[in-house]
Amino acid sequence: MEENIEKEERKDELSLAEIVEQLKAVLDGDQAKEKVAQLKSQFYKRHSALLDEMKQAWIDDGKDISEFAHSFAEEAEFKALLQAYKQKRAEELKKIEAMQERAYEIKKGIVDKLTSLLDGGDVDKIFAEVRKLQAEWKEAGEVAQSKYNEIVKKYQTLMTQFYDDVRISNELRDYDFKKNLEIKTRLCEEAEKLTESKQLNDAFQKLQKLHQEWRETGPVAKELRDELWNRFKAATDIVNHKHADFYQAKKAEEEENLSKKTALCEAIEAIDIAKAKSYKAWDEITAKVLELQEEWKKSGFAPKKVNNRIYERFRSACDEIFKAKNEFYKSTKEAFAINLQKKKELVAAAEALKDSKEWKEATDAFVKLQKEWKAVGPVSKRVSDQIWNAFKSACDYFFEQKKAATEGVVSISKEYEKLRRAYDKLVADLTTRENNMSFLNFGSKGDKNPLLKQMEAQIEKMRKEKEELRQKLVELEKKMRG
């Protein structure tokens, strides 16, 4: 590929500020028009890429794309430089057009004079006058391209007629032929050098100037005309073929790039955003779009007449996707806010209920709160764990307290049953002993039977144990009632 095309590709890495500086540097150069066009294309390509990146970052932050606005300071300076260049260029073109029109009028007059001279007259006088007109022709300057071929063809015909038909001395004729031969030989050599040039477009432009000089140079001797012209034409054909081949290859490459870009447009247009109902789905779509955008950047230029159109198609498809993504994020953000408020209310209700000792009623209430929690939609990932942990902590606290209380009641109940059996047995034993007291006899002196004293002591002890057990049972009954 041609060197200047490779340089053009490397410009993709330039910043906007660097492109502005390059524009300043080329405005007064010989090839300003071509370079300004290249830099203008480069600037807005980079400008568009940067805007796309900033829009994507804006959307990724969950912001509304309709609120996005950004301007680059470099753009104002770039536009001002372009405007100044356009004004300067317009003034230069106006001057050039005036000069070309003046040159045309002069050359038209020269052609008219040559026509009159060739009708007859003194040979020496005619020869001197033709020499003068040749000098005036060269000094007249360039004619507008639209009128150039016509006037030069007339001039060439008259000059050839002059040398071939007018009877001038061989010495004068040979002198001019020799001078013209030197000029046209040099033009052949310069054309042949151009066949080796790697800068095909530059070589093609230089060749046009060589042809212009060839046409405006007088004839050479008849026997050398065909040979010299064939030499010049051979070099011309090589340059033209290389130039044509290059642009044909470039055209083919651009057509291939157009096919790639069309396929990328179809790929991005085929993305089904209607099914994207979650962050995960949008993350996958975003990754796909970014991948396609990277492929687009590597795909090269399409033909100039459709390059902007195909880019607009691709960019519009990207914009539609990111617009839909932004709307999803916006609506989801609103839904998240509503869901978060509902979950905060459920957390507050759980917090208020967690210390309740009304185990059954509170348990039913917590079950209801948990069902309501499941029915509420998701919240932002940023607060999802935090709000869930708050709700879960309140629930866990209540059910842990309930479990501990339930385990305590079971333990007390078991102890109560054990003491109750001991109490019932003691009461039975005490009753038996009290009944057996009547069978014991008193002594002859009225003293109690020693055995009776022992029995009474045992009964008294049992009565105390009975009372102690009764008190313990009463305490356990209180605990079980809560």
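We use all heavy atoms of the structure for the numbers below, so side chains are in, but hydrogens, waters and symmetry mates are not.
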- Message: What I want to find out is whether K251 reaches E255 closely enough, with some N-O distance under 4.0 Å, to be called a salt bridge.
- Response: no
- E75 and Y44: CA distance, side-chain angles, deciding distance, side-chain contact (heavy atoms from CB on, under 4.5 Å) verdict: CA-CA 9 Å; E75 186 175 14; Y44 283 105; 3.7 Å; yes
- Item | Donor-acceptor under 3.5 Å (T160 side chain, T157 main chain) | no
- Query: Does E294 pair with K297 as a salt bridge, N-O distance under 4.0 Å?
  - Reply: yes
- Is the closest side-chain donor-acceptor distance between T195 and K242 under 3.5 Å? no
- Donor-acceptor under 3.5 Å (N326 side chain, F322 main chain): no
- Query: Do L228 and W214 pass the side-chain contact (heavy atoms from CB on, under 4.5 Å) test, and can you show the C-alpha distance, the side-chain angles, and the key distance before you say yes or no?
  - Reply: CA-CA 11 Å; L228 198 62; W214 181 282; 3.8 Å; yes
- Message: Assess whether a salt bridge exists between R315 and E312, defined as any Lys/Arg side-chain N lying under 4.0 Å from an Asp/Glu carboxylate O.
- Response: yes
- Nearest 0.5 Å, what's the CZ-CG distance between R313 and N308? 15.0 Å
- Below 4.0 angstrom, N of the basic side chain to O of the carboxylate: do E254 and K304 qualify? no
- Using a strict cut-off of less than 4.0 Å between a Lys/Arg side-chain nitrogen and an Asp/Glu carboxylate oxygen, indicate whether E136 and K107 qualify as a salt bridge. no
- Note on the structure: What one should report as the nearest heavy-atom pair of I387 and S384 is CG2-O, 3.3 Å
- Using 4.0 Å as the upper bound for N to carboxylate O, is an ion pair formed by K184 and E213? no
- Task: Report yes if the side chains of W296 and I268 come closer than 4.5 Å at any heavy-atom pair, otherwise no.
- Result: no
- Message: Students often mix this up, so state it plainly: with edges at 30° and 60°, are the rings of Y329 and Y279 parallel, tilted or perpendicular?
- Response: perpendicular
- Message: Whether K344 engages the ring of F391 as a cation-pi pair (distance to the six-membered ring centre under 6.0 angstrom, angle to the ring normal within 45°) should be assessed.
- Response: no
- Under a 4.5 Å cut-off applied to non-hydrogen side-chain atoms, are L210 and L194 in contact? yes
- Message: Using a 3.5 Å distance criterion without hydrogens, assess whether the side chain of N180 forms a donor-acceptor pair with backbone atoms of T217.
- Response: no
- Any F314 side-chain heavy atom under 4.5 Å of D319 side chain: no
- Taking the side chain as every heavy atom from C-beta outward, state whether Q293 and K288 have any atom pair closer than 4.5 Å. no
- Between NZ of K154 and CG of N149, what distance do you get to the nearest 0.5 Å? 12.5 Å
- Message: Between Q156 and E216, is there a side-chain heavy-atom distance shorter than 4.5 Å?
- Response: no
- Would you check if the side chain of S197 reaches a backbone N or O of K193 as a donor-acceptor pair within less than 3.5 Å? no
- Query: Which value, rounded to the nearest 0.5 Å, describes the distance between L39 atom CG and E21 atom CD?
  - Reply: 11.5 Å
- Could you walk me through whether I238 and H241 pass the side-chain contact (heavy atoms from CB on, under 4.5 Å) check? CA-CA 5 Å; I238 292 173; H241 286 153; 5.9 Å; no
- Task: Scan for salt bridge (charged side-chain N to carboxylate O under 4.0 Å, His left out) pairs involving residues 370-393, sequence neighbours excluded, and state none if there are none.
- Result: K392-D396
- Heavy-atom pair with the smallest gap, counting every atom of A362 and S356: CB-OG, 3.7 Å
- Quick one: are Q212 and Y148 in side-chain contact, heavy atoms under 4.5 Å? yes
- Charged tip of K354 within 45° of F398 ring normal and under 6.0 Å: no
- Query: Should we count CD of E227 as having more than 12 external heavy atoms under 6.0 Å?
  - Reply: no
- Task: Hey, can you tell me if F72 and H47 have their rings parallel, tilted or perpendicular (30° and 60° cut-offs)?
- Result: perpendicular
- Message: Contact between R231 and E192 at the side-chain level, heavy atoms closer than 4.5 Å - yes or no?
- Response: yes
- Message: Given 3.5 Å as the limit, does a donor-acceptor pair link the side chain of E18 with the main chain of S15, or not?
- Response: yes
- Query: Does E77 reach the main-chain N or O of A73 with its side chain, forming a donor-acceptor pair under 3.5 Å?
  - Reply: no
- Item | SB check K206 D202 (cutoff 4.0 Å) | yes
- Query: What's the shortest heavy-atom distance between W137 and V152, and which atoms?
  - Reply: CZ2-CG2, 4.2 Å
- Message: With a 3.5 Å distance limit and no angle check, can you tell me whether N339 reaches the backbone of V379 through a side-chain donor-acceptor pair?
- Response: no
- Item | Shortest non-hydrogen contact between D272 and I285, atoms and distance | O-CD1, 4.3 Å
- Item | Which atom of A103 lies closest to which atom of A140, heavy atoms considered | CB-O, 3.2 Å
- Message: Check this for me: R215, atom CZ, are more than 12 non-hydrogen atoms of other residues, nucleotides or ligands nearer than 6.0 Å?
- Response: yes
- Message: Are E256 and K260 packed together at the side-chain level, in the sense that at least one heavy-atom pair is separated by less than 4.5 angstrom?
- Response: yes
- Where do Y155 and Q134 land on the side-chain contact (heavy atoms from CB on, under 4.5 Å) test, with the steps shown first? CA-CA 10 Å; Y155 178 75; Q134 284 178 321; 3.5 Å; yes
- Message: Whether K330 and E334 form a salt bridge (side-chain N of Lys/Arg under 4.0 Å from carboxylate O of Asp/Glu) is what I want to check.
- Response: no
- So OG1 of T262 and CD1 of I310: to nearest 0.5 Å the spacing works out to 4.0 Å
- Quick one: closest heavy-atom pair of E351 and A394, and the distance? N-CB, 4.0 Å
